[in-house]
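Quick notes on the structure that follows.
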2 protein chains.
Amino acid sequence: MADTDPGTAERLDVTPAHRELLDQVLDKWSLEVLNTLCERPSRFNELRQAIPAVSQKSLSATLRRLERNGIVERRVLSSRPVAVEYRITPLGKTLRSPVDALLDWADGHLGAIEAARRAYDEAEPTAS
Amino acid sequence: MADTDPGTAERLDVTPAHRELLDQVLDKWSLEVLNTLCERPSRFNELRQAIPAVSQKSLSATLRRLERNGIVERRVLSSRPVAVEYRITPLGKTLRSPVDALLDWADGHLGAIEAARRAYDEAEPTAS
DNA sequence: CGGTATCCGGTGGGATACTG
DNA sequence: CAGTATCCCACCGGATACCG
C-alpha cells in the first residue's frame, strides 16, 4: 500500500479545540450565511431574506459567533437609520474550499446514503 | 476574475437534506470514531479505549447512526460471549478526504482564530 | 462483552415582544 | 433597520443502573 492509502496514512487527531472550532463554524446556519456572504456583503435583513428559515435570534447569534472567530466582519455604515453590513474576511474565505469539499461529498453521496437508511429502517422495525 | 474565484463561483446551496446529513456524520463523536475505524476495525470496548471521553450511550448512538447511514458496518463475530466488530464501509472511506480537508483547515487556522477570539473578547467586555 | 433504559442538566434554537 | 430580551421546549449527551 502507498502511504496515501487512507487506511494507513497518519492522520490528525481531533482535539477538543478542533471540535469546538468545527462546532462554531459548521453549526446549523453558518454554512448558509457563509455561502451568502461569499457572494456579496449583505445587510442583516438581506441575510434574513436570503435564508428565510432562520430566526432573528439565530441569525444574530450565528453572525456574532462567526465575527468572534474572525470569519465575518461587521461594519456599521451609517447611524440614522442604522445600517450594518456583514462581509466575509480573508480568513473566512479559506473556509470555502474545505466546506465545498464537504458539500460536494454530501451532494454526491446523498442518494447512496438515503438508500442505506431505507435498507436499515427496513431491516430493523424493532418489533411492532 | 477567473471562475475559480470563490467570490463569484456558482455554489451548491445547503438543502435541509444536506444539513441533516452533515449533522448525522459530523456530530460530536463521529469524526473520532471514523478516524479510529479507518485505522483498523474495532470492537466496541476498543473504541471506548481509543476515545476515552465518550460515554457508552453516546458511542452506541454514534455507531448506530453511522451504521444507518451506511458509513460503518456492524459485524457480529461470535455469540458467547458476544463479540462485535465495527468497520468502515467503502462509502465511509469516501468521507475521509473532505473530513481531512476540514481537519487540516482547522489545524492550520486555529492560531489565527484563537487570536481573533481574543481580540473580540478584549474589545467587547460588554460591561462588567 | 456489548449494549439498553432511565434520569437529568445544559444548550440550541424558534416565537414573540420590545428597543435604540 | 438591526438588533436584544424573555420564554419555552426539544434534543444532546453524561451518569448511572440494569440486561442478554
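Protein chains get the first letters and strands the later ones, always in sequence-line order, with residue 1 at the start of each.
- Contact annotation for A:Arg80: no contact, since no heavy-atom pair falls under 4.0 Å across all strands.
- A donor-acceptor contact shorter than 3.5 Å links the side chain of A:Glu46 to the backbone of A:Arg43.
- A:Lys57 has its NZ atom 13 Å from the C1' atom of C:dA17, to the nearest Å.
- One atom, CG of B:Asn45, and another, C1' of C:dG3, lie 9 Å apart when rounded to the nearest Å.
- Residue whose closest nucleotide on DNA chain C sits further toward the 5' end, between A:Val82 and A:Arg65: A:Arg65.
- Using modelled atom types, no side-chain atom of A:His109 and backbone atom of A:Ala106 make a donor-acceptor pair closer than 3.5 Å.
- One can place CG of A:Leu59 at 16 Å from P of C:dG12, the figure rounded to the nearest angstrom.
- Listed nucleotides C:dT4, C:dG2, C:dG20 differ in distance to B:Ser60; the shortest reach to its side chain belongs to C:dT4.
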Assess the residue pair B:Asn35 and B:Arg96 against the criterion (side chain to side chain donor-acceptor pair (under 3.5 Å)); give the C-alpha distance rounded to whole Å, side-chain angles, the decisive distance to 0.1 Å, and a yes or no. CA-CA 8 Å; B:Asn35 245 333; B:Arg96 279 291 251 171; 3.0 Å; yes
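- Without hydrogens or angle criteria, A:Ser58 side chain to A:Ser55 main chain gives no donor-acceptor distance under 3.5 Å.
- Proximity of a side-chain donor or acceptor of A:Asp107 to a complementary backbone N or O of A:Leu103 within less than 3.5 Å is not detected.
- A close approach under 4.0 Å does occur between a side-chain nitrogen or oxygen of B:Tyr86 and OP1 or OP2 of C:dG3.
- For B:Arg65 and B:Asp27, the salt-bridge test passes: some basic side-chain N is under 4.0 Å from an acidic carboxylate O.
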Show your reasoning for whether side-chain contact (heavy atoms from CB on, under 4.5 Å) applies to A:Thr15 and A:Arg19. CA-CA 6 Å; A:Thr15 69; A:Arg19 239 300 131 212; over 6 Å; no
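- For B:Arg43 and C:dG2, the shortest distance from a side-chain N or O to OP1 or OP2 is below 4.0 Å.
- Annotation: proximity of residues 48-55 of chain B to DNA chain C (heavy atom, distance under 4.0 Å) is found for no residue.
- Under the 3.5 Å distance criterion, the side-chain polar atoms of B:Thr36 are matched with a main-chain donor or acceptor of B:Glu32.
- Residues passing the salt bridge (Lys or Arg N to Asp or Glu O under 4.0 Å) test with A:Arg75 are A:Glu73, sequence neighbours excluded.
- For B:Asp23 and C:dG12, the CG to C1' distance is 12 Å, given to the nearest whole Å.
- Note that the first and last nucleotides of DNA chain D, 5' to 3', having any atom under 4.0 angstrom from a heavy atom of chain A are D:dC1 to D:dC7.
- One N or O donor and one acceptor, one from the side chain of A:Gln56 and one from the base of C:dA17, sit under 3.5 Å apart.
- As a whole-Å value, the separation of A:Lys28 NZ from C:dG13 C1' is 7 Å.
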